[in-house]
Amino acid sequence: MVLTKEQLAQFDRDGCLVIPDFFTLDKAAELKSRAKQLLSEFSLEGHPLTQFSTGTSDQKHVGDDYFLESGDKIRFFFEEGAFDSQGQLKIPKERAINKIGHGLHDLDPLFHDFSLDTKLKTMTRQLGFQSPKLLQSMLIFKQPYIGGPVPSHQDSSFLYTDPLSAVGFWFALEDCTETNGCLWFIPGSHKDTAVNRRFIRDPNGSGTIFTGEQELKVDESKYVMSPVKAGTLVLIHGSVVHKSAPNHSKDSRYIYTFHVIEGNATYPKDNWLQPSTEKSFTCI
């Protein structure tokens, strides 16, 4: 077995579980190198210059077709602070990307093999999944000086199922520290904080909207910081409240992440991420 009884109990209690040294530093370096290669080879020609909003500004959250049709593609999304008032990049494109998503696990051979590793397949069964489906794989960069904050949220707001089932698998490719934007959790919040807010496709347009209650209000004093070293896996319950701070440091914060949902659960047709007609969500 991959997870011990103690680890499973901790995940059930806290809604998050930090597993240091889950993968080697060599593998972390290999994945980071591939991420840098993707950034370097990415061409601005024909790109809609889509910015990914974390929801902390008045700017409408990204919702164009480039984003909505990215579930089975490898697409590039810019930091909100990457452009000047004239819409020109202020920094090199390699340092202007917020994330790459959302089909890395399917289309990139290195990330495919990493994501569908036997240990991770075993782990999904230990977590109680009967028919686990893998989706929404991303490289998230927290670029030096401009990496934006991610406000308090629950992942099941974005990948809602009935019953709730989402679990995030979050892999640190670099050391994640207080200064470069590590995760913060409210342990146990998955047990007492209902998922009353969903991120869906706008029924009255072509974009995306939040529906349900207003922005999540939490007691900030309950947050616990979770700095981790490269090679760490963090499991994130879909209902646990978490956030990350901006990166005002000189260091990047490369991570890779994907989510798993229960394939036997109902997946609403208005969720922002939908399987394409050619490709259903990946079995793991």
Quiz item: Residues sharing Y160's hydrophobic cluster, by side-chain heavy-atom contacts under 4.5 Å among ILVMFWY, directly or via others?
Solution: L164, V195

Quiz item: Judged by atom type as modelled, is there a donor-acceptor pair below 3.5 Å linking the side chain of N247 to the main-chain atoms of K142?
Solution: yes

Quiz item: Is the gap between the ring centers of H102 and F77 under 6.0 Å?
Solution: yes

Quiz item: Under 6.0 Å from the CD atom of Q37, do we count more than 12 heavy atoms belonging to anything else shown?
Solution: yes

Quiz prompt | F169 and L235, any side-chain heavy atoms less than 4.5 Å apart | solution = yes

Quiz item: How many angstroms lie between atom OG of S137 and atom CD1 of I74, to the nearest 0.5 angstrom?
Solution: 8.0 Å

Quiz item: Checking H153 side chain against H242 main chain: does a donor-acceptor pair fall under 3.5 Å?
Solution: yes

Practice problem: Taking the side chain as every heavy atom from C-beta outward, state whether V224 and S226 have any atom pair closer than 4.5 Å. | Solution: no

Practice problem: Check the pair K121 / L116 against side-chain contact (heavy atoms from CB on, under 4.5 Å), numbers first and verdict last. | Solution: CA-CA 7 Å; K121 291 182 180 181; L116 299 179; 4.2 Å; yes

Quiz item: Of all heavy-atom pairs between S70 and Y66, which one has the smallest distance, and what is that distance?
Solution: CB-O, 3.6 Å

Quiz item: In terms of hydrophobic clusters joined by side-chain contacts under 4.5 Å, are I140 and V234 together?
Solution: yes

Quiz prompt | In one Ile/Leu/Val/Met/Phe/Trp/Tyr side-chain cluster, 4.5 Å: L3, V240 | solution = no

Exercise. Kindly assign one of parallel, tilted or perpendicular to the pair F67 and W272, based on the angle between their ring planes and the thresholds 30° and 60°.
Key: parallel

Quiz item: Under 6.0 Å between the ring centres of F111 and H105?
Solution: no

Quiz prompt | Stacked cation flag K119 on F22, 6.0 angstrom / 45 deg | solution = yes

Exercise. Supply the atom-to-atom distance F114 CZ to E30 CD, rounded to the nearest 0.5 angstrom.
Key: 10.0 Å

Practice problem: Begin with the C-alpha distance, continue with both residues' side-chain angles, and end with the deciding distance and a verdict on side-chain contact (heavy atoms from CB on, under 4.5 Å) for I236 and H259. | Solution: CA-CA 9 Å; I236 305 173; H259 288 79; over 6 Å; no

Practice problem: To the nearest 0.5 Å, tell me how far I261 CD1 sits from Y267 OH. | Solution: 5.5 Å

Exercise. Without swapping roles, check the side chain of S33 against the backbone of A29 for a donor-acceptor pair under 3.5 Å.
Key: no

Exercise. Could you tell me whether F210 and F158 have their ring centroids closer than 6.0 angstrom?
Key: yes

Quiz item: Would you call the rings of F171 and F258 parallel, tilted or perpendicular, where under 30° means parallel and over 60° means perpendicular?
Solution: tilted

Self-check item: I255 versus A172, closest heavy-atom pair with distance
Solution: CG2-CA, 4.2 Å

Exercise. Check whether the side chains of R13 and Q10 place a donor and an acceptor atom closer than 3.5 Å, and report yes or no.
Key: no

Quiz item: Is K191 salt-bridged to D12, cutoff N-O under 4.0 Å?
Solution: yes

Quiz item: Donor-acceptor pair, Q154 side chain versus T193 backbone, under 3.5 Å?
Solution: yes

Quiz item: After noting the C-alpha distance and the side-chain angles of F11 and V167, does the key distance pass the side-chain contact (heavy atoms from CB on, under 4.5 Å) rule?
Solution: CA-CA 11 Å; F11 182 68; V167 174; 4.2 Å; yes

Exercise. Looking only at non-hydrogen atoms, find the nearest pair between R34 and L110 and report the distance.
Key: CB-CD2, 3.6 Å

Quiz item: Between the side chain of E174 and the main-chain N/O of A28, is any donor-acceptor distance below 3.5 Å?
Solution: no

Quiz item: Would you say the side chain of C283 lies within less than 4.5 Å of the side chain of K133, judging by non-hydrogen atoms?
Solution: yes

Exercise. Kindly give the heavy-atom pair with the smallest separation between T161 and A265, and that separation in Å.
Key: CB-CB, 3.9 Å

Exercise. Hey, could you give me the CZ/CD distance between F141 and E79, rounded to the nearest 0.5 Å?
Key: 10.0 Å

Quiz item: Do other residues, nucleotides or ligands put more than 12 heavy atoms under 6.0 Å from the NZ atom of K93?
Solution: yes

Quiz item: Looking only at heavy atoms, which two atoms of P203 and I209 are closest? And how far apart?
Solution: CD-CD1, 3.9 Å

Quiz item: For the residue pair D251 and P144, what are the closest heavy atoms and their distance?
Solution: C-CG, 3.8 Å

Quiz prompt | D14 side chain vs C16 backbone, donor-acceptor pair below 3.5 Å | solution = no

Quiz item: Are the side chain of N271 and the backbone N or O of I200 linked by a donor-acceptor pair below 3.5 Å?
Solution: no

Quiz item: Can you find a pair of side-chain heavy atoms, one from D270 and one from T211, that are under 4.5 Å apart?
Solution: no

Quiz item: After noting the C-alpha distance and the side-chain angles of V260 and L120, does the key distance pass the side-chain contact (heavy atoms from CB on, under 4.5 Å) rule?
Solution: CA-CA 11 Å; V260 173; L120 292 171; over 6 Å; no

Practice problem: Might you confirm whether atom NZ of K32 has over 12 heavy atoms from other residues, nucleotides or ligands at distances under 6.0 Å? | Solution: yes

Quiz item: Can any side-chain N or O of S131 pair as donor or acceptor with the backbone N or O of E262 at less than 3.5 Å?
Solution: no

Quiz item: Any chain of hydrophobic side-chain contacts (each under 4.5 Å) joining W170 to I100?
Solution: no

Quiz item: Roughly how far, to the nearest 0.5 Å, is CG of L139 from NZ of K36?
Solution: 12.5 Å

Quiz item: Does a side chain donor of either D219 or S221 reach within less than 3.5 Å of an acceptor in the other side chain?
Solution: yes

Quiz item: So, does N180 use its side chain to make a donor-acceptor pair with the main chain of S252 at under 3.5 Å?
Solution: yes

Quiz item: Any side-chain heavy atom of K222 sitting closer than 4.5 Å to one from S189?
Solution: no

Quiz item: CG/L17 to CZ/F185 distance, rounded to the nearest 0.5 angstrom?
Solution: 9.5 Å

Practice problem: Using a strict cut-off of less than 4.0 Å between a Lys/Arg side-chain nitrogen and an Asp/Glu carboxylate oxygen, indicate whether K243 and E220 qualify as a salt bridge. | Solution: yes

Quiz item: Hey, quick one: are I19 and L127 part of the same hydrophobic cluster, counting side-chain heavy atoms closer than 4.5 Å, chains of contacts allowed?
Solution: yes

Quiz item: Taking the side chain as C-beta and beyond, is there a heavy-atom pair between R201 and Q274 under 4.5 Å?
Solution: yes

Quiz item: Less than 4.5 Å apart, any side-chain heavy atom of R253 and any of T177?
Solution: no

Quiz item: Under a single-linkage rule joining Ile, Leu, Val, Met, Phe, Trp and Tyr whose side-chain heavy atoms are separated by less than 4.5 Å, which residues share a cluster with L216?
Solution: W184, I186, V218, Y223, M225, V241

Quiz prompt | Close side-chain approach of F83 to L89, heavy-atom, < 4.5 Å | solution = yes

Quiz prompt | Path from I284 to L31 over hydrophobic side-chain contacts below 4.5 Å | solution = yes

Quiz item: Is it true that a side-chain atom of H248 and a backbone atom of P246 form a donor plus acceptor pair closer than 3.5 Å?
Solution: no

